[in-house]
Amino acid sequence: MGDRERRMVFVTVGTTCFDALVKVVDSEEVKQALLQKGYTDLRIQMGRGTYTPSKASGNSNLQVEHFTFLPSIADNIREASLVISHADSGRIFETLRLGKPLIVVVNEDLMDNHQSELAEELAERNHLLCAHPQTLRETVEAMDLNALQPYVPGEAKPVVALINQFLGFPVD
């Protein structure tokens, strides 16, 4: 690698089984797309899945590693140049608060997947990119991370005041 800047992509599926995401990230096509975008390392948190990614990256120079669980993945998110995640709301907001570019991949196998609605709404507001396993390569190839808008958490006080008023509590 020489003196080239290291740019790590961190992939997380949380505590779930989302083999479709792990498999597609492990594909040579997605690895090549990441390399073309200048990424040097791929770290995959594979959760409860049964698919084990390859540590080799075919013809590419992408350095690949994987693990199932850690007590905390916050350091991985902080270290990442790009995060690819399942559509868990906690993971989405943690990543956005840290100011990291994010591609959320929707797990289509989940019934009543309300998390996809959140991901799609935040993508519409240009805070993140939203993909499905079968469209991840195209999303990576077409992504322009400079077009993403920083996520600024909303002010909770008006909502709290409205709830307090509704419940009959004194409003400050």
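What you see is a predicted model; the values in this text were computed from it and never measured.
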Legend entry - Heavy-atom pair with the smallest gap, counting every atom of Ser89 and Leu118: CB-CD2, 3.5 Å
Inset, instruction - Look at the rings of Phe93 and Tyr151 and say which category their plane angle falls in: under 30° parallel, 30 to 60° tilted, over 60° perpendicular. - result: tilted
Legend entry - Contact check, side chains of Phe69 and Gln45, non-hydrogen atoms, under 4.5 Å: yes
Inset, instruction - Find out whether Gln63 and Met8 are in side-chain contact, i.e. whether some heavy atom of one side chain is under 4.5 Å from a heavy atom of the other. - result: no
Legend entry - Pairwise side-chain contact, Pro133 with Val105, heavy-atom cut-off 4.5 Å (strictly under): yes
Legend entry - Flag side-chain contact, heavy atom, 4.5 Å: Val9 against Arg43: no
Inset, instruction - Measure from the side-chain N and O atoms of His127 to the backbone N and O of Leu122, and report whether any donor-acceptor pair falls under 3.5 Å. - result: no
Legend entry - For Ser85, the option from Glu94, Arg91, Lys100 that meets side chain to side chain contact (heavy atoms under 4.5 Å, CB included): Arg91
Inset, instruction - Measure from the side-chain N and O atoms of Asp19 to the backbone N and O of Thr50, and report whether any donor-acceptor pair falls under 3.5 Å. - result: yes
Legend entry - Val11 and Leu21, any side-chain heavy atoms less than 4.5 Å apart: yes
Inset, instruction - Verify side-chain hydrogen bond (donor to acceptor under 3.5 Å, both in side chains) between Glu28 and Gln32, making sure each step is shown before the conclusion. - result: CA-CA 6 Å; Glu28 198 57 36; Gln32 284 299 322; 3.2 Å; yes
Legend entry - Nearest-0.5 Å distance, CG of residue Leu128 to CD1 of residue Ile84: 12.5 Å
Legend entry - Pairing of Lys23 and Asp26 as salt bridge, 4.0 angstrom limit: no
Legend entry - pair Leu70-Asn76: side-chain heavy atoms closer than 4.5 Å: yes
Legend entry - Residue pair Leu42 / Leu34, side-chain heavy-atom distance below 4.5 Å: yes
Inset, instruction - Indicate yes or no: at least one non-hydrogen side-chain atom of Leu129 is less than 4.5 angstrom from one of Val104. - result: no
Inset, instruction - Enter the distance from Glu121:CD to Cys130:SG here, rounded to the nearest 0.5 Å. - result: 11.0 Å
Legend entry - Arg7 (side chain) donor-acceptor with Lys37 (main chain) under 3.5 angstrom: yes
